[in-house]
Protein chains: 2
Amino acid sequence: MRISTRGGYGIRAMFELAVAHGQGPVPLRTVAHKQAISENYLEQLMGALRRAGLVNGIRGARGGYELALSPADIKVGDVIRALEGPIVPVRCVDQNRAHDCERVEICPTRGLWKKLRDSMTEVLDSTTLADLCQEAANEES
Amino acid sequence: MRISTRGGYGIRAMFELAVAHGQGPVPLRTVAHKQAISENYLEQLMGALRRAGLVNGIRGARGGYELALSPADIKVGDVIRALEGPIVPVRCVDQNRAHDCERVEICPTRGLWKKLRDSMTEVLDSTTLADLCQEAANEES
DNA sequence: TAGATATCCGAGTGGAATACTCGGGATTCA
DNA sequence: TGAATCCCGAGTATTCCACTCGGATATCTA
């Protein structure tokens with residue numbers, strides 16, 4: 001009942017990019033060091049985030065990564081989905097593959113999972129990177 | 001971002017026991033067949049549920065399993081916890097091991113995980129086996 | 001234009017967890 | 001007694017996670 005480190009690392013990395021937003025690209029190495037994440041591993045995650053359209057990768061010297069959108073327009077849920085796939089507690093409430101289970105109509109637990117999915121989605125999609133920055137700034141004072 | 005089959009199977013098995021509550025023990029085999037779960041595997045899960053005090057195992061011919069409490073007194077969250085451990089999205093918001101991470105005080109994502117944990121817990125602990133039975137009965141009509 | 005700095009890409013790997021199977025022992029009912 | 005049933009521990013195949021590595025490609029700067 002956990003999100004893996006992929007999601008956790010991803011959020012922390014995106015947080016760093018959000019803090020530096022508007023100040024040019026941040027190299028992977030810098031992000032990895034600030035958040036104590038393996039460089040090689042983070043590289044893979046950034047690839048997924050780039051393919052999801054959440055960050056831009058800028059090559060060459062003075063390159064790095066930057067958010068593709070403003071921090072207020074990137075939801076935490078987007079980051080999790082890009083790195084861990086759809087946010088569903090069990091497959092049978094994944095809208096994309098609704099028919100994996102023939103018992104769908106009579107399953108006593110389906111309603112429960114839907115409720116759980118919705119409540120998780122609500123939390124993750126109502127928080128943006130800008131919110132995380134705001135909260136961090138508040139705690140500092 | 002999923003609960004494993006352990007939790008899913010567990011809930012479904014407990015649902016069967018809840019339906020038969022008050023009518024004597026139900027053998028593992030019956031539960032397994034009704035819910036299309038491997039007998040051998042389910043046996044392991046029932047062991048965990050028994051050790052958690054949620055079911056009684058009754059040995060011998062005419063034996064089986066029965067709920068140790070009334071369906072209204074068993075929360076879905078109890079079952080999940082017995083089978084999958086604490087309901088926490090990431091370790092650092094597990095109250096039992098709060099100090100695994102030294103960055104606790106400055107971590108920008110901690111608040112988020114707490115919110116997520118609370119919303120998940122709320123759903124799972126506000127639903128009982130009796131609620132599942134009720135819902136199943138409603139859908140039948 | 002050389003070379004340093006980066007991203008990009010795919011393959012590979014060790015360990016842990018999942019989802020089981022299997023064999024045999026203990027208990028109880030008929 | 002013997003059939004039914006729970007109880008228990010060991011073993012196993014598969015999958016996923018977390019991470020490493022080597023090298024290709026692109027871009028800036030001197």
Side-chain angles (χ1 to χ4, degrees), chain A residues 1-13 16-17 20 24-33 35-68 80 82-86 88-91, chain B residues 1-13 16-17 20 24-33 35-68 80 82-86 88-91:
Chain A
M1 200 52 188
R2 301 240 164 84
I3 67 158
S4 66
T5 62
R6 287 177 72 87
Y9 286 173
I11 300 288
R12 281 157 55 194
E16 288 300 331
L17 296 187
V26 184
L28 181 77
R29 170 165 305 176
T30 306
V31 176
H33 278 133
Q35 287 291 332
I37 303 171
S38 147
E39 268 180 63
N40 284 323
Y41 191 36
L42 184 55
E43 193 180 345
Q44 288 189 5
L45 306 187
M46 293 311 290
L49 293 171
R50 182 174 44 78
R51 284 184 290 274
L54 297 175
V55 300
N56 297 324
I58 292 144
R59 293 188 173 198
R62 297 287 183 119
Y65 290 93
E66 61 183 15
L67 297 185
I80 302 282
L83 294 170
E84 304 200 14
V88 289
V90 297
R91 280 184 218 87
Chain B
M1 201 55 189
R2 301 239 164 86
I3 68 159
S4 67
T5 62
R6 286 176 72 86
Y9 287 172
I11 299 288
R12 279 158 54 193
E16 288 300 330
L17 296 187
V26 184
L28 180 77
R29 171 164 306 174
T30 306
V31 177
H33 279 134
Q35 287 292 332
I37 302 170
S38 147
E39 267 180 64
N40 285 322
Y41 190 37
L42 184 55
E43 194 181 347
Q44 287 190 5
L45 306 186
M46 293 312 289
L49 292 170
R50 183 175 42 81
R51 284 185 290 275
L54 297 175
V55 300
N56 297 324
I58 292 142
R59 292 187 176 198
R62 297 284 185 122
Y65 290 95
E66 61 184 15
L67 297 185
I80 301 282
L83 293 170
E84 305 199 14
V88 289
V90 298
R91 280 185 219 88

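Every chain is numbered from 1 and lettered A, B, ... according to where its sequence line falls, protein lines coming before strand lines.
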[N] phosphate, OP1 or OP2, under 4.0 Å from [X] side-chain N/O:
{"X": "Y9(B)", "N": "dA19(C)", "value": "no"}
{"X": "R50(A)", "N": "dA6(C)", "value": "no"}
{"X": "S4(B)", "N": "dA17(C)", "value": "no"}

Would a 4.5 Å heavy-atom cut-off, applied to side chains only, mark [X] and [Y] as touching?
{"X": "Y65(B)", "Y": "L28(B)", "answer": "yes"}
{"X": "Y41(B)", "Y": "T5(B)", "answer": "yes"}
{"X": "E66(B)", "Y": "I58(B)", "answer": "yes"}
{"X": "M46(A)", "Y": "Y9(A)", "answer": "no"}

Going from CG on L42(B) to CG on L49(B), what distance comes out if it is rounded to the nearest 0.5 angstrom? 8.5 Å
Whole-Å distance between [N] [atom2] and [X] [atom1]?
{"X": "E66(B)", "N": "dT28(C)", "atom1": "CD", "atom2": "P", "answer": "14 Å"}
{"X": "Q35(A)", "N": "dA18(D)", "atom1": "CD", "atom2": "C1'", "answer": "17 Å"}
{"X": "L83(B)", "N": "dC20(C)", "atom1": "CG", "atom2": "P", "answer": "14 Å"}

Determine whether V31(A) and L17(A) satisfy the following criterion, side chain to side chain contact (heavy atoms under 4.5 Å, CB included), listing intermediate values before the conclusion. CA-CA 8 Å; V31(A) 176; L17(A) 296 187; 4.0 Å; yes
Can E84(A) and R6(A) be counted as an ion pair, charged N to O under 4.0 angstrom? no
Quick one, I37(A) with R12(A), criterion side chain to side chain contact (heavy atoms under 4.5 Å, CB included). Give me CA distance, side-chain angles, the key distance, then yes/no. CA-CA 9 Å; I37(A) 303 171; R12(A) 281 157 55 194; 4.1 Å; yes
Using a cut-off of strictly less than 4.0 Å between a heavy atom of the residue and any atom of DNA chain D, enumerate the qualifying residues of residues 38-49 of chain B by number. E43(B), Q44(B)
Report all interatomic pairs (protein N or O, nucleotide N or O of nucleotides 1-5 of chain D) with separations under 3.5 Å.
{"residue": "dA4(D)", "atom": "N3", "partner": "A61(B)", "partner atom": "N", "Å": "3.3"}
{"residue": "dT5(D)", "atom": "O4'", "partner": "G60(B)", "partner atom": "O", "Å": "3.4"}

